[in-house]
Protein chains: 2
Amino acid sequence: MVQYRKTEETFAALGDPVRMATLERLGEGGASISELAEPAGMSLTGMKKHIRILEEANLVRTEKRGRTRWCEISSEGFDEAAFWLDEFRRRRHKQLNRLEEVIERKKREKRNEK
Amino acid sequence: MVQYRKTEETFAALGDPVRMATLERLGEGGASISELAEPAGMSLTGMKKHIRILEEANLVRTEKRGRTRWCEISSEGFDEAAFWLDEFRRRRHKQLNRLEEVIERKKREKRNEK
DNA sequence: CCGATACTGAACCATATAGTTCAGTATAGG
DNA sequence: CCTATACTGAACTATATGGTTCAGTATCGG
């Protein structure tokens with residue numbers, strides 16, 4: 001599954017403290033690489049790498065404006081990740097309900113045996 | 001935030017192909033370590049490590065039954081991750097609406113100037 | 001045009017991660 | 001009790017990751 005591979009990449013991108021904090025910051029509004037690097041106590045180059053990863057995970061969208069690169073949240077990645085989680089939880093609940101039914105049936109059968 | 005650190009760990013646990021596949025498998029029902037290791041083409045020890053990571057992320061719960069360790073899905077981690085994503089998306093939509101309002105106001109002001 | 005600013009890419013380094021093998025330990029079954 | 005099974009832990013290896021510095025390139029402001 002192509003979609004599957006993508007979601008895994010998105011989760012991996014989310015699973016880092018610097019990137020998660022950066023996303024929270026970008027949630028407040030767009031920013032340049034320098035503006036993101038400074039509060040993270042990190043070099044420009046370092047932050048650039050994180051942004052690249054977030055971009056490939058569709059969590060951030062960027063564009064060059066003059067000599068600064070403008071970064072902002074992209075919903076896509078968030079939507080994909082949320083979708084996968086919701087699907088998983090939905091399937092699980094269905095599974096659990098089916099299990100419960102089976103148990104109920106067994107109980108009824110046991111009663112009838114007596 | 002303690003909760004925050006936890007969620008990041010959960011995303012990191014999800015962000016691996018073997019672990020994601022293992023979760024999908026466990027979604028079908030519980031399994032032993034060997035049963036999980038085999039289809040992943042991996043040693044017992046290797047799978048054990050993944051299970052440990054999934055366990056610490058509250059995505060899997062395990063218990064020892066005789067000489068086999070039984071693994072099954074734990075909803076907690078999934079719930080936490082989904083909660084964080086939903087919160088983030090909710091905040092973002094609110095932010096976008098506020099932005100839209102500001103733009104609308106500017107437009108009105110411009111019209112009044114003419 | 002000049003200097004400062006903002007990024008970019010390459011090269012490098014240290015540590016973390018994903019996997020292995022090997023040598024146990026504990027339980028299941030005869 | 002004996003053997004096979006199922007796991008566990010320690011030690012090790014190779015590669016990926018997160019960070020750096022340094023040497024560009026491109027744009028901004030005067």
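Lettering of chains follows the sequences in order, A, B, ..., and the numbering in each one begins at 1.
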Participant: Tell me: CZ of B/Arg19 to C1' of C/dG19, nearest whole Å?
Facilitator: 12 Å
Participant: Separation of B/Glu38 atom CD from D/dT5 atom P, in whole Å?
Facilitator: 15 Å
Participant: Between D/dT17 atom P and A/Arg52 atom CZ, what is the distance in whole Å?
Facilitator: 12 Å
Participant: Could you pull out all residues at least two apart from B/Glu87 that satisfy salt bridge (charged side-chain N to carboxylate O under 4.0 Å, His left out)?
Facilitator: B/Arg90
Participant: In a table with atom names and distances, give each donor-acceptor pair under 3.5 Å that connects a side chain of residues 41-62 of chain A to protein atoms at least two apart or in another chain.
Facilitator:
{"unit_1": "A/Ser43", "atom_1": "OG", "unit_2": "A/Gly46", "atom_2": "N", "d": "3.0"}
{"unit_1": "A/His50", "atom_1": "ND1", "unit_2": "A/Arg19", "atom_2": "NH1", "d": "3.1"}
{"unit_1": "A/Glu55", "atom_1": "OE2", "unit_2": "A/Thr62", "atom_2": "OG1", "d": "3.0"}
{"unit_1": "A/Arg61", "atom_1": "NH1", "unit_2": "A/Glu72", "atom_2": "OE2", "d": "3.3"}
{"unit_1": "A/Thr62", "atom_1": "OG1", "unit_2": "A/Arg69", "atom_2": "NH1", "d": "2.9"}

Participant: Dump the pairs, protein N or O against N or O of nucleotides 24-29 of chain D, anything under 3.5 Å, distances to one decimal.
Facilitator:
{"unit_1": "D/dT27", "atom_1": "O2", "unit_2": "A/Arg67", "atom_2": "NH1", "d": "3.4"}

Participant: At under 4.0 Å, does any side-chain N or O of A/Ser43 touch on OP1 or OP2 of D/dT20?
Facilitator: yes
Participant: Compare every heavy atom of B/Leu26 with every heavy atom of B/Ala31, then report the nearest pair and how far apart it is.
Facilitator: N-CD2, 3.8 Å
Participant: Given atom CG of B/Leu54 and atom C1' of C/dA18, what is their separation to the nearest angstrom?
Facilitator: 13 Å
Participant: By side-chain contact (heavy atoms from CB on, under 4.5 Å), which residues pair with B/Glu28, not counting sequence neighbours?
Facilitator: B/Arg25
Participant: To the nearest angstrom, how far is A/Asp16 atom CG from D/dA16 atom C1'?
Facilitator: 13 Å
Participant: Can you check each nucleotide of nucleotides 8-13 of chain D against protein heavy atoms at under 4.0 Å and return B for base, S for sugar-phosphate only, - for none, in 5' to 3' order?
Facilitator: BBBB--
Participant: Considering every strand and a 4.0 Å limit on heavy-atom distances, what is the contact class for B/Ile53: base, sugar-phosphate, or nothing?
Facilitator: sugar-phosphate
Participant: Find out whether B/Arg89 and A/Ser75 are in side-chain contact, i.e. whether some heavy atom of one side chain is under 4.5 Å from a heavy atom of the other.
Facilitator: no
Participant: Taking only residues two or more places apart in sequence, or in another chain, which ones meet A/Phe78 in a ring-ring contact (aromatic ring centres under 6.0 Å, His included)?
Facilitator: B/Phe88
Participant: Tell me: CG of B/Leu36 to C1' of D/dA6, nearest whole Å?
Facilitator: 13 Å
Participant: Starting from P on D/dG18, measure out to NE2 on A/His50 and report it in whole angstrom.
Facilitator: 6 Å
Participant: Please enumerate all residues that pass side-chain contact (heavy atoms from CB on, under 4.5 Å) together with B/Glu38, with sequence neighbours excluded.
Facilitator: none
Participant: Listed by chain and number, what are the side-chain hydrogen bond (donor to acceptor under 3.5 Å, both in side chains) partners of A/Arg67, not counting sequence neighbours?
Facilitator: none
Participant: Could I get the full list of side-chain hydrogen bond (donor to acceptor under 3.5 Å, both in side chains) partners for A/Arg91, not counting sequence neighbours?
Facilitator: B/Glu24
